[in-house]
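In the text below, chain A, chain B and the rest are named by the order of the sequence lines, each starting its count at 1.
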2 protein chains.
Amino acid sequence: MTSSSYHHGNLREALVGAAVDAARVGGPDGVALRELARTVGVSHSAAYRHFSHRDELLAAVAARGMAELVDAMQQRVDAVERVPTSDDVLRSRRRLIAVGQGYVAFALSEPGLFRCAFAAKDVALTAATDDPLVEPAANPYGLLSETLDGLVDVGFLSPEAREGAEMTCWAVVHGFAALHLDGPLGAVDVAARDETLEHVLAAIDRSYAASSGTPIRPEDDIFARG
Amino acid sequence: MTSSSYHHGNLREALVGAAVDAARVGGPDGVALRELARTVGVSHSAAYRHFSHRDELLAAVAARGMAELVDAMQQRVDAVERVPTSDDVLRSRRRLIAVGQGYVAFALSEPGLFRCAFAAKDVALTAATDDPLVEPAANPYGLLSETLDGLVDVGFLSPEAREGAEMTCWAVVHGFAALHLDGPLGAVDVAARDETLEHVLAAIDRSYAASSGTPIRPEDDIFARG
DNA sequence: GATCGATGTTGACACCGTCTACTTCGAGGA
DNA sequence: TCCTCGAAGTAGACGGTGTCAACATCGATC
């Protein structure tokens, strides 16, 4: 709070903030300790009073990225909640679609942060959760899990097919994002990409409908566009 | 061929070979030009006579990785071919499962090379295909595409659901691999992982069955284990 | 047999992460 | 009130990296 120029005051948070900014631009490789120290106005190696090595800082960035990812997904789900429907099954199906769309949308709009969120070494788990800006239970898996439980509750997803369903959904959206981010699909234009994603999500929807024998009415629009 | 010690003779291929070895162990980050030069017995910066920068060498490694990936997938498909069946539909379904299993198995058994195959900057396409060890048409997409065409031919996959099917399949296996490689699922043991993969692939199979209204006989074993 | 371009070398530059030894400063006890 | 002691920041070094420019070598070609 004072004008003491020798001791920064809250260097740790300043570093994490600067690291997140750098990660947004350049991904994990864009995070350089010495450069961060420069932008924060502190000597190199000052970071070592707060992080034992670079990976520990990256883990903190990863936690932030995860939190933002969950936020993006949650917002999509909330948007579904605001669309009036008396059809519980349809609403639950839309929730799952929204979760997937939110995941991919975040990955493609914040590629650097998304890469960080999954590039972190396993140092993460303990150290990074001290971040006050990251609430503990915020992870994509939990949100997805709840959504799938909802699908079982309304009878759209059979209990047998429920097994392994998290993995199917997670894998398909994560793979979709990764292939467009790093893979050979980076040059695909946005419109085509979005259309393909709808095909992909529709396939999952169809699979779960089949699991319970629920017929799908083609007139039901399960996609939240925009 | 001669004993000339000044000129290496086939430095380019030697470098790519050493780079592939290094990538197997340490992934893209494990490939260091200076270290490669040392192991090949040549001065640093000699590599710059054959690659304009590091990414170009990494692209060559990526091409090798892709080729090995396709090989692994093809071998699995070939194994399906050797199992006698009069049921064309079942055989086609097994082929698709095999493609997916091959993809994941390679990713998890050669994580470094797999990461390289997808970490390459877009420099790749032109420069890397000069590699004599990489046949041009070898890419996972083509193999997958043929397999899906086969599913349409036997009437298991509807033409409408065929659209975007490559992406669904590719995304699900790629995401599965990526999550176990870098993501938070790295610590999952092998048995659980394989079982989950079967659930995931079964969901895809179910989706495609539903697309054509083909009933699934539970007694049909679509998985090639081992 | 001389030449010339492809290939390899040497040395430099600017980065990077990490370690050790030193300095500063503020909080808390005498 | 003063003093100490530990937390936080600094300075400098080491070895590693990619990349570039200037120089050396050697074999094919005229």
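- Following rounding to the nearest Å, H53(B) (NE2) and dC20(D) (P) show an atom-to-atom distance of 9 Å.
- For dG8(C), its base never sits under 3.5 Å from the side chain of H44(B) at any donor and acceptor pair.
- Residue whose closest nucleotide on DNA chain D sits further toward the 5' end, between R34(A) and H50(A): H50(A).
- When rounded to the nearest whole Å, the span between CZ of R49(A) and P of dA7(D) equals 10 Å.
- For R54(A) against dG17(C), no side-chain N or O and base N or O form a donor-acceptor pair under 3.5 Å.
- Across all strands, A46(B) comes closer than 4.0 Å to base atoms (heavy-atom distances).
- Side-chain nitrogen and oxygen atoms of R38(A) include at least one within less than 4.0 Å of the OP1 or OP2 phosphate oxygen of dC16(C).
- Between N10(B) atom CG and dA6(C) atom C1' the separation is 15 Å, expressed in whole Å.
- For S45(A), taking side-chain heavy atoms from C-beta onward, the closest of the listed nucleotides dT9(C), dT17(D), dA11(D) is dA11(D).
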Apply ring-ring contact (aromatic ring centres under 6.0 Å, His included) to F176(A) and H199(A), showing your working. CA-CA 12 Å; F176(A) 188 94; H199(A) 281 128; over 10 Å; no
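- The two residues L36(B) and L15(B) make their nearest non-hydrogen contact at CB-CD2, 4.1 Å.
- Scanning atom types as modelled, no donor and acceptor separated by under 3.5 angstrom connect the side chain of R12(B) and the base of dT7(C).
- Whole-Å rounding puts the L57(B) CG to dG18(D) C1' distance at 12 Å.
- Contact record, S207(A) with R206(B): OG-NH1, 3.1 Å, taken as the closest heavy-atom pair.
- Of the candidates dC19(C), dC16(C), dT17(D), the closest approach to any side-chain atom of E35(A) belongs to dC16(C).
- Rounded to whole angstrom, the span from the CG atom of L11(A) across to the C1' atom of dA7(D) amounts to 13 Å.
- The distance from atom OH of Y48(A) to atom P of dA11(D) is 17 Å, rounded to the nearest whole Å.
- Between L15(B) atom CG and dG18(D) atom P there is a gap of 12 Å when expressed in whole angstrom units.
- Looking at the side chain of L33(B), the nearest of the listed nucleotides dG12(D), dT10(C), dT19(D) is dT19(D).
- Side-chain contact annotation: D71(B) with Q75(B), donor-acceptor N/O pair under 3.5 Å absent.
- Distance CD (E56(A)) to C1' (dT18(C)): 14 Å, rounded to an integer number of Å.
- Ring geometry for F118(A) against Y103(A) counts as tilted: the plane angle lies between 30° and 60°, on a 0 to 90° scale.
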